[in-house]
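Sequence lines set the chain letters: A, B, ... in the order given, protein chains first and strands last, and positions in each chain run from 1. Scope of the values below: all heavy atoms of this structure, side chains included, with no hydrogens, waters or symmetry mates.
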2 protein chains.
Amino acid sequence: MFSQAEENYIKSIYVLELEFQNNVSTNLIAKKMQTKPSSVTDMLKKLAVKDLVDYKKYQGVQLTSKGKKVALKVIRKHRLWEYFLVKELKFKWDEVHEMAEQLEHIKSETLIDRLESFLKYPKFDPHGDPIPDKDGKIMITKTINLLNLKVGQKGVIDNLKDSSDTFLKYLTKKNLALRDKIKVVDIEPFDNSIHLETKTHHLVVSKKVAENLNIKI
Amino acid sequence: MFSQAEENYIKSIYVLELEFQNNVSTNLIAKKMQTKPSSVTDMLKKLAVKDLVDYKKYQGVQLTSKGKKVALKVIRKHRLWEYFLVKELKFKWDEVHEMAEQLEHIKSETLIDRLESFLKYPKFDPHGDPIPDKDGKIMITKTINLLNLKVGQKGVIDNLKDSSDTFLKYLTKKNLALRDKIKVVDIEPFDNSIHLETKTHHLVVSKKVAENLNIKI
DNA sequence: AAATATTTTTAGTCTTATCTAAAATGTTAA
DNA sequence: TTAACATTTTAGATAAGACTAAAAATATTT
Ligand SMILES: [Mn+2]
Ligand SMILES: [Mn+2]
Ligand SMILES: [Mn+2]
Ligand SMILES: [Mn+2]
């Protein structure tokens, strides 16, 4: 149906649309996909012809509803495979992304549905991200960024803005995991670092770390 | 490392080398891969540069030991994934080939090794074909073709020469499965059809069917 | 409102993998 | 041993997806 390249572009556009509300720009896509703006333009034209994006020259793009469906299918596969790799094959959460990047392109509806059933219909992937169901329905949890919590507020680490291997390794090292209860003990005004208390320990995280932790109150 | 196209060529050449002993011809590869001889020539040159095949113009090709290693890795992945699909995801043996054709190109040594361990080190895929181990060692069972059995001889269906979906469906319909004990009751000289007796029933199979059943005595 | 800077697109090139048509080579059989 | 036939290779084209360099459009300053 669609090539791997097309699927990757669609997925990136979907993610960027979530992060920034408006039309997604050529440059932004190029940066995310580690490619050149001219390559992006070429692809956007192709995707527009296939009715996957609305594209007007110099105006950025938006996914069509058809495009959104494709994106959600790819994301569904990515996250189910990640869950499989961690829960069944015992990989660590920072080891699975690259493999899932490949597995998400395996073409077979039944395969992914059987896998989902085999895994007992997990709702979240190893990084706390929701797994779209067969019909593309996705459960979005209302969270707020750790940066926006006030001193004394409590919450639970729900998901991560950045799921890069290095950030995941950092969290592991600092003994922070999804579903951990945290409490803001203090906020340092000078550099916005945050003093946290968890069930088991105290620690200070930088502003950069805090802005990548999404908290459910 | 190698592209999907390259891996597919290498795998086909490996299979053809097993079936016909000598050098494999351009036309034979083209037929097997459903492509044109000129495309095969192009690819053979590339594979020769990468030291995966020995190629002399007009003389056909042979895998180098490096090529053989690549072939065995791809076959290992194909068969382990097929085993996973049948044993864990409950697909039928005639449903898994296409998916395995895609999964065999997923690049990750550790993934396939973990999968193998998860599956408890199976020795044969759902079609009776041996699964190469991590080092490319492959266990080849000595079998003889059903066509070569004499009246009265007994054996066990070990593996299939043709594993196409239509043949697999035929076997299922006729209630024949791998590891079934069979006995040749009679051979019809006119058309070489064979009257078989199994644990549960009697049946007649055509010459064409017989030549695709490999029997362990 | 210009001038300047930034973003985006176009034009042209490259690589991989495919194809068709034609030429070259190899094989068979008169 | 040469003509006919079959196989294989070459030449040239195409399509997807990437790139660089340059042009065009848009955005931001002055
Ligand atoms: Mn991922
Ligand atoms: Mn994830
Ligand atoms: Mn198969
Ligand atoms: Mn098989």
Of the listed D:dG17, C:dT10, C:dC19, the closest approach to the A:Lys46 side chain comes from D:dG17

Side-chain N,O (A:Thr35) to OP1/OP2 (D:dC19) below 4.0 Å: yes

What's the closest nucleotide to the side chain of B:Asp42 if the choices are D:dC19, D:dT9, C:dT18? C:dT18

Salt-bridge contact B:Glu7-B:Lys107 (side-chain N to carboxylate O under 4.0 Å): yes

For A:Gln59 and for A:Gln34, locate the closest nucleotide of DNA chain D by heavy-atom distance; then report the residue assigned to the nucleotide nearer the 5' terminus. A:Gln34

Any donor-acceptor N or O pair under 3.5 Å, side chains A:Trp93, A:Thr172: yes

Show the nearest heavy-atom pair for residues B:Met43 and B:Ala5, with the distance to one decimal. CE-CB, 3.8 Å

Counting only side-chain N and O atoms of A:Tyr58, is one of them less than 4.0 Å from OP1 or OP2 of D:dA23? no

N/O (side chain, B:Asn27) to phosphate O (OP1/OP2, D:dA6) under 4.0 Å: no

Has A:Lys45 got a side-chain N or O lying under 4.0 Å from the OP1 or OP2 atom of C:dT10? yes

Please check if the distance between the ring centroids of B:His78 and B:His97 is under 6.0 Å. yes

Has B:Ser38 got a side-chain N or O lying under 4.0 Å from the OP1 or OP2 atom of C:dT20? no

